[in-house]
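Model, not experiment: these values are computed from the prediction.
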Amino acid sequence: MGRHGWNSGARRWRFTALLGVGVAALALVLTLIHTLPGDAGSEAGTTRDGDKVHGTPAVPQSEPRPEVGWGFTHTQFSADEGSGAATKRVEKRLGEQPLPQIQHIMGWGADNPEPVKGRYDFEDMDRRIDFVRETGGTPVVTLCCAPDWMKGGTPGSDKTDWSQAALETAPDRAHYKDYAALAATVAKRYPDVRHFIVWNEFKGFWNDAEARWDYEGYTELYNLVYKALKKVDKDIEVGGPYLVMDSLDPRQKENASTTLKGSWGTMDQRILDAFEYWNKHKAGADFVVVDGSSYTKDDDLLPDEFGATDKFTAVSRWVREQTGDLPLWWAEYYVEPADGDDIRDGWSEPHRVAVQASGLIAMARGGTTSAFYWNPETEKGATCPGCLWTPTDRAGGGKALSMLDLISRFDKEFPPGTKYEQVSVAADDKPNVRVLADDKAVLVVNTLDRKISAQVDGKRFEMGAYEVKWLRR
């Protein structure tokens, strides 16, 4: 999706207070040693033992399953840093309903994991994995992005190019095996991570000459990574291709699918072609991963913001049909168009939560078993539109917000394996509500910006504007 928080924040430098001039001088000498003319790049802050098991891995309670449930992705800022009181508050809240959590290996809060070939820096990743362990969540690693030396850049712990263009560059084909080796190193370091996603949104895999996705290149990389991870542990669960399921204005003819379309728009056929190639030529997959928005590439919500979420149902069903019902994950999903700076703050929080709830309902109806909310956490401030918790920079921060309440409750009530049931809705109320139910709970969403009276599952009740309501059965 290109604009959704690619930056890692030009590296979060970790300078600590040096204990005296002597220590500072020693550090300078060591740095100079590692940056002599002709050297392959600074190795400062790196180690050779990247595959050494970090910390105390959580002991899995059972064999890994390809379905993990409904969770979120850590972005540039998260609750692994900040005020101790605030971070503990988030840990405690997440511990009440542990959620699956994604962390990328480079960017989005993680430093360059291998700035020089064979030299590793996992300090940021270690801290993020420790946070997931502390909250009891299921850790998921997205294998993106690639160290500079794998894509024609300059090696060195002080040379990482954090520009969007650089971060979104795929490794050179000559370094595909090096990237697969890095993936294996990550798997060895965190043996409790049992789920890996290969790459992110086909970044860098665009074929300019043919104006289509380089699905051959991605699939070659995917297959090498898949085999490398299975060699580490055959029980590791691996998935891809993490394509952005772009849709077009229904009036557009160029690149438009003739089969996958609806009131929400028409799928870009180039995306479907890329998916079908990967699906046919993949070495294997334990689950399948996509992402995308309910709105079109032109940011149009068709026919409206709630009706547009029907796209998630249609795309989910199509993907399940193509893969023979492999468990389906949405690594990212968006229902609110962003501005040029990727900020989504034009809606009230009740409005945002209501449309997000409709999106979750739509994915579940389509057969999705796992999905991850892209958490737009900010480093500082008193407010944070769409975030799961308030910023953790102050002692009073880290307070759960309504979006976290929604995702936690959804994961609790509708875990993997849920068998959904039909639920009655009064005829006059059907246009105004979205519902999802199993044998124990019913989720009801008011799609209107006003109070309504609705009859669902034989019960009549009042709902506030954009209210999200849970009923027991």
Side-chain angles (χ1 to χ4, degrees), residues 5 12 53-62 64-65 67-105 108-111 122-142 186-187 189-197 236-237 329-332 356 360 369-379 384 386-416:
R12 284 190 272 166
V53 174
H54 166 69
T56 305
V59 178
Q61 296 181 352
S62 59
R65 297 178 55 191
E67 302 159 308
V68 294
W70 311 85
F72 66 92
T73 295
H74 291 280
T75 53
Q76 181 178 350
F77 304 111
S78 196
D80 57 310
E81 291 187 302
S83 161
T87 58
K88 287 296 182 184
R89 186 172 292 114
V90 178
E91 288 177 357
K92 182 177 183 297
R93 174 64 178 79
L94 290 175
E96 294 171 358
Q97 175 60 36
L99 299 172
Q101 302 169 39
I102 288 178
Q103 176 59 47
H104 290 64
I105 66 169
W108 300 281
D111 206 348
F122 285 116
E123 184 174 333
D124 291 333
M125 274 290 292
D126 289 348
R127 187 175 60 250
R128 287 283 170 95
I129 295 297
D130 284 342
F131 179 83
V132 180
R133 290 171 177 171
E134 188 66 27
T135 62
T138 299
V140 178
V141 165
T142 294
V186 174
R189 187 173 187 84
Y190 311 113
D192 50 337
V193 176
R194 315 297 284 163
H195 301 84
F196 288 85
I197 300 174
I236 285 177
E237 306 278 328
W329 295 20
W330 285 80
E332 304 172 41
Q356 286 284 347
L360 291 170
T369 57
S370 307
F372 295 82
Y373 180 72
W374 190 272
N375 185 22
E377 197 63 42
T378 56
E379 183 178 20
C384 194
C387 298
L388 299 181
W389 54 79
T390 58
T392 57
D393 64 309
R394 60 197 70 187
K399 294 180 180 177
L401 297 173
S402 52
M403 197 66 72
L404 179 57
D405 292 338
L406 169 65
I407 294 172
S408 296
R409 185 69 182 271
F410 200 93
D411 183 66
K412 178 181 179 180
E413 300 292 357
F414 305 130

State, to 0.1 Å, how close [X] and [Y] come at their nearest heavy-atom pair, and which atoms those are.
{"X": "Cys384", "Y": "Pro391", "value": "CB-CD, 4.1 Å"}
{"X": "Lys399", "Y": "Gly396", "value": "CE-O, 3.1 Å"}
{"X": "Gly137", "Y": "Pro139", "value": "O-CD, 3.3 Å"}
{"X": "Pro64", "Y": "Glu237", "value": "O-OE2, 3.5 Å"}
{"X": "Ser83", "Y": "Ala395", "value": "OG-CA, 3.2 Å"}
{"X": "Phe77", "Y": "Glu377", "value": "O-CB, 3.1 Å"}

What residues, two or more places apart in sequence or in another chain, satisfy side-chain contact (heavy atoms from CB on, under 4.5 Å) together with [X]?
{"X": "Pro98", "result": "none"}
{"X": "Leu401", "result": "Cys387, Thr390"}
{"X": "Pro416", "result": "Arg65, Glu67"}

Exercise for review: Considering only NZ, NE, NH1 and NH2 on the basic side and carboxylate oxygens on the acidic side, decide whether Arg133 and Asp130 come within less than 4.0 Å.
Suggested key: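 Salt bridge present between Arg133 and Asp130.
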Review point. Who pairs with His104 by ring-ring contact (aromatic ring centres under 6.0 Å, His included), at least two apart in sequence or on another chain?
Key: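 In terms of ring-ring contact (aromatic ring centres under 6.0 Å, His included), with neighbours along the sequence ignored, His104 is linked to Trp108, Trp374.
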Check your understanding: Which pairs count as salt bridge (charged side-chain N to carboxylate O under 4.0 Å, His left out) when at least one residue sits in residues 386-398, sequence neighbours excluded?
Key ->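 Matches after skipping sequence neighbours: none remain.
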Exercise for review: Using the side-chain contact (heavy atoms from CB on, under 4.5 Å) rule, pick out the option among Ile102, Val68, Leu99, Val193 that qualifies with Thr138.
Suggested key: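 Only one of Ile102, Val68, Leu99, Val193 forms a side-chain contact (heavy atoms from CB on, under 4.5 Å) with Thr138, namely Val68.
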**Study point:** Single hit among Leu94, Asn375, Val90 for side-chain contact (heavy atoms from CB on, under 4.5 Å) with Leu404
**Key:**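 Option passing the side-chain contact (heavy atoms from CB on, under 4.5 Å) with Leu404: Leu94.
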Exercise for review: Walk me through it: do Phe122 and Val186 pass the test side chain to side chain contact (heavy atoms under 4.5 Å, CB included)?
Suggested key: CA-CA 9 Å; Phe122 285 116; Val186 174; 3.9 Å; yes
Check your understanding: To the nearest 0.5 Å, what is the distance between NE2 (His54) and CZ (Arg127)?
Key ->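 So the NE2 of His54 and the CZ of Arg127 are separated by 10.0 Å.
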**Study point:** Rounded distance [0.5 Å steps], CE in Met403 versus CG in Leu388
**Key:**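 Taking CE in Met403 and CG in Leu388, the distance rounds to 7.5 Å.
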Exercise for review: Say whether, by atom type as modelled, one donor and one acceptor occur between the side chain of Thr73 and the main chain of Gln103 under 3.5 angstrom.
Suggested key: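 Pair absent, no side-chain N/O of Thr73 close to backbone of Gln103.
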Check your understanding: For Asp111, does its backbone N or O pair with a side-chain atom of Asp124 as donor and acceptor, under 3.5 Å?
Key ->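 Checked: pair present.
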**Study point:** Set of side chain to side chain donor-acceptor pair (under 3.5 Å) partners for Tyr190, sequence neighbours left out
**Key:**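 Tyr190 satisfies side chain to side chain donor-acceptor pair (under 3.5 Å) with Asp126 once adjacent residues are dropped.
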**Study point:** Residue list, side chain to side chain donor-acceptor pair (under 3.5 Å) with His74, at least two apart or on another chain
**Key:**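 Applying side chain to side chain donor-acceptor pair (under 3.5 Å) to His74 gives Ser78, Gln101.
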**Study point:** Partners passing salt bridge (Lys or Arg N to Asp or Glu O under 4.0 Å) against Arg89 (at least two apart in sequence or in another chain)
**Key:**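 With neighbours one apart ignored, the set is empty.
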Review point. For Lys88, what residues pass the salt bridge (Lys or Arg N to Asp or Glu O under 4.0 Å) criterion, not counting sequence neighbours?
Key: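 Checked Lys88 against salt bridge (Lys or Arg N to Asp or Glu O under 4.0 Å); matches are Glu91.
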Practice item. I would like to know whether Ile236 and Phe196 meet side chain to side chain contact (heavy atoms under 4.5 Å, CB included); could you show each step before the answer? Key: CA-CA 8 Å; Ile236 285 177; Phe196 288 85; 3.6 Å; yes
Side-chain contact, heavy-atom cut-off 4.5 Å: [X] with [Y]?
{"X": "Asp192", "Y": "Val59", "result": "no"}
{"X": "Met125", "Y": "Ile105", "result": "yes"}
{"X": "Gln356", "Y": "Tyr373", "result": "yes"}

Point to revise | Qualifying side chain to side chain donor-acceptor pair (under 3.5 Å) pairs, either residue in residues 400-414, two or more places apart | key: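 Qualifying pairs, neighbours excluded: Arg93-Asp405, Gln97-Asp411, Arg409-Glu413, Glu413-Arg472.
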Practice item. Would you check if the distance from the ring center of Phe372 to the ring center of Trp330 is below 6.0 Å? Key: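 Aromatic pair excluded; centres sit 6.0 Å or further apart.
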Point to revise | Inter- and intrachain pairs under ring-ring contact (aromatic ring centres under 6.0 Å, His included), touching residues 389-413, at least two apart | key: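 Qualifying pairs, neighbours excluded: Trp70-Phe410, Phe72-Trp389, Phe410-Phe414.
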